[in-house]
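Keep in mind that this is a model prediction, so the values were computed, not measured.
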Amino acid sequence: MFAPEATTEIAAVESAPPLIAHIDMDAFFVSVELLRRPQLRGKPVVVGGSGPRAVVAAASYAAREFGVRSATAMAKARELCPGAVILAPDMAAYRAASTRVMAVLAEFSETVEVLGLDEAYLDLGDCPTPKSRARAIKHAIRSQTGLVCSVGIGPNRLIAKIASDLDKPDGLCLLVKERFLDAVGERPARLLPGIGPKTAERIGAIGITTVAELAAVEFEALAAIVGHSQAEALRARARGEGSAELCIARKRKSESRVRTFDHDLTDPAVMHRELTSMAERLAADLLENDRRGRTVTLKIRLRPFRTFSRSRTLATATNDRATITAAALALFDEFERDAPVRLLGVGLAGLEVEDENGPAPEAAASGKPGTRPIQLTLVDLDGEGRDCTTSN
DNA sequence: TCTGGGGTCCTAGGACCC
DNA sequence: TCTGGGGTCCTAGGACCC
């Protein structure tokens with residue numbers, strides 16, 4: 001179905017839109033652990049914390065057969081699968097493995113959008129033989145890292161992502177737009193990214209449970225329950241419509257540290273200590289990367305599970321330890337608690353990047369002193385650093 | 001499913017300005 | 001002056017994703 005080399009260009013113009021591949025590592029954290037513990041292959045293995053409130057970070061396929069999934073409470077996971085081997089997360093190892101995987105992907109395309117540690121989109125352009133390209137990618141990842149992935153190929157990000165999920169693990173699936181509803185129309189609408197438990201329940205209330213039903217729903221009926229804007233987005237997704245633009249240099253917009261306590265806290269002095277410690281770690285990391293932000297956010301979760309946030313925007317961006325700590329403690333002291341505290345967190349939003357070229361664009365635009373403000377502003381307008389979130 | 005940690009985007013109301 | 005409309009910023013909460 002794909003044109004031979006000589007007519008590639010014509011084929012691309014006529015029918016073949018640029019193709020996107022979605023690469024999704026299979027049971028990533030577990031698979032990294034298995035590299036150094038090969039004797040556990042095929043067994044139920046769970047990566048997760050050990051505290052009373054820990055959850056599963058990753059489960060092997062053998063463990064999934066017992067009903068253990070990501071985000072299952074560890075206590076529940078042990079109950080479901082008493083024979084599971086439980087391993088503590090080793091994020092440094094997973095980050096290192098992720099870096100190796102992404103390096104392999106970079107050999108195949110200049111345009112790679114990394115999403116988290118275990119996923120990426122890759123622009124295949126008008127590749128005439130996308131399936132053999134995908135096989136080559138899978139083979140390279142396996143031979144260079146020892147890890148297995150699933151690849152989905154489609155005309156846009158949405159279809160590529162869904163395709164990568166259809167054939168897991170070790171999958172390879174190419175899905176064209178025309179066949180989208182044939183392939184997933186009868187599947188639950190929950191399959192679509194952006195439809196979580198709440199939205200699934202809401203649309204279920206008007207009788208929509210499958211992708212095909214969502215694709216065919218009368219617009220006003222859908223808009224009445226999820227709003228016009230979301231209705232538009234959901235229906236488009238159900239029809240396989242989506243963007244094919246990748247963003248290779250996303251800028252982080254906020255950074256935070258949160259902690260759920262093994263036992264709920266009631267002593268304000270202890271909470272002050274915890275907040276101070278988180279604010280200091282946050283500030284240290286921001287300082288190390290030369291990032292500053294203006295809005296300090298306090299996150300607080302009360303027993304049993306009520307979550308609140310309070311924020312304050314400062315006059316200028318900062319990464320100063322004392323400033324962030326003082327703002328977080330002030331927000332905390334102003335908050336009226338009526339129950340013990342399960343979680344506390346400190347965040348900084350509205351981040352600017354201060355890289356080697358000079359101050360962040362905001363600072364440059366507002367006339368603050370900097371080394372080379374004009375160059376940076378220009379680079380940022382049309383360079384790779386362009387913020388792509390607006391073009392989606 | 002007694003529910004982690006680190007993110008993103010969206011919505012909605014109020015303040016404030018012109 | 002009894003009262004418009006648009007734009008932007010800030011705050012809080014919700015939903016979702018990996």
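In this structure, A:R301 is positioned above the aromatic face of A:F305, its NZ or CZ under 6.0 Å from the six-membered ring centre and within 45° of the axis. Under a cutoff of 6.0 Å and an axis angle of 45°, A:R310 and A:F335 do not form a cation-pi pair.
A:F308 comes within 4.0 angstrom of the backbone, heavy atoms only, and of no base. A:Q230 comes within 4.0 angstrom of no nucleic acid atom, judged by non-hydrogen atoms across all strands. Residue A:R202 is classed as a sugar-phosphate contact, given heavy-atom separations below 4.0 Å to backbone atoms only. Here A:K299 lies out of heavy-atom contact (under 4.0 Å) with every strand. Across all strands, A:R306 comes closer than 4.0 Å to no nucleic acid atom at all (heavy-atom distances). No contact: A:T72 has no heavy atom under 4.0 Å from any strand.
In terms of modelled atom types and a separation under 3.5 Å, the side chain of A:R95 and the main chain of A:L117 share no donor-acceptor contact. Judged by distance alone, with hydrogens and angles left aside, the side-chain atoms of A:R303 form no donor-acceptor pair with the main-chain N or O of A:R342 at under 3.5 Å.
Between A:S256 and B:dG7, a side-chain N or O to OP1/OP2 separation shorter than 4.0 Å is present. Considering only side-chain N and O atoms, A:R342 lies nowhere under 4.0 angstrom from the phosphate OP1 or OP2 of B:dC2. OP1 and OP2 of B:dG7 both lie 4.0 Å or more from every side-chain N or O belonging to A:R250. The shortest distance between the side-chain N/O atoms of A:S311 and the OP1/OP2 oxygens of C:dC10 is not below 4.0 Å. Dashed line: the shortest gap from a side-chain N or O of A:R252 to OP1 or OP2 of B:dG7 is under 4.0 Å.
Annotation: proximity of residues 191-199 of chain A to DNA chain C (heavy atom, distance under 4.0 Å) is found for A:L192, A:P193, A:G194, A:I195, A:G196, A:P197, A:K198, A:T199, numbered in ascending order. If you check residues 53-70 of chain A against DNA chain B, the residues with a heavy atom closer than 4.0 Å are A:R53, A:V55, listed by number.
One finds a salt bridge joining A:D90 and A:R36 here, because a Lys/Arg side-chain nitrogen approaches an Asp/Glu carboxylate oxygen to under 4.0 Å. A salt bridge does not link A:D267 with A:R273: every distance from a Lys NZ or Arg NE/NH1/NH2 to an Asp or Glu carboxylate oxygen is 4.0 Å or more. Under a 4.0 Å N-O distance rule, the pair A:D285/A:R291 does not qualify as a salt bridge. Salt-bridge check for A:K198 with A:E201: failed, with every basic side-chain N at 4.0 Å or more from each acidic carboxylate O. Taking the charged nitrogens against the carboxylate oxygens, A:R321 and A:E280 do have a contact shorter than 4.0 Å, which makes a salt bridge. A salt bridge links A:D290 with A:R292; the closest basic N to acidic carboxylate O contact falls under 4.0 Å.
Summarising the geometry, the separation between CD on A:E336 and P on C:dA12 is reported as 13 Å, rounded to the nearest angstrom. In this structure, CG of A:D264 is placed 10 Å from P of B:dT3, rounded to the nearest angstrom. Whole-Å rounding puts the A:M91 CE to B:dG7 C1' distance at 13 Å. For the pair A:Y94 OH and B:dG5 P, the interatomic distance rounds to 16 Å; values are reported in whole Å. If you measure from atom CZ of A:F335 to atom P of C:dA12, you get 10 Å, rounded to the nearest angstrom. Rounded to an integer number of Å, the gap from CG of A:L344 to C1' of B:dG6 is 16 Å. The distance between atom CD of A:E113 and atom P of C:dC18, rounded to the nearest whole Å, is 13 Å. In this entry the distance linking NZ of A:K253 with C1' of C:dC10 reads 17 Å, nearest Å.
The nucleotide whose nearest atom lies closest to any side-chain atom of A:D118 is, among C:dG13, B:dT11, C:dC18, C:dC18.
Counting only N and O atoms by type, the side chains of A:S150 and A:D26 include a donor and acceptor under 3.5 Å apart.
Classification of the A:F29-A:Y94 ring pair by plane angle, with boundaries at 30° and 60°, yields parallel.
Annotation: of the two residues near DNA chain B, A:V258 and A:F305, the 5′-most nearest-nucleotide partner is A:F305. Nearest-nucleotide positions on DNA chain B for A:T260 and A:S254 put A:T260 closer to the 5' end.
Pairs of Watson-Crick or G-U wobble type, with distances under 3.5 Å, assemble into runs of 3 or more in DNA chain B at these ranges: B:5-18 with C:5-18.
Taking atom C1' in both B:dC16 and C:dG4, the straight-line distance is 16 Å, to the nearest Å.
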### Query
Step by step, would you call A:D24 with A:D118 a side chain to side chain contact (heavy atoms under 4.5 Å, CB included)?
CA-CA 6 Å; A:D24 198 347; A:D118 68 338; 4.0 Å; yes
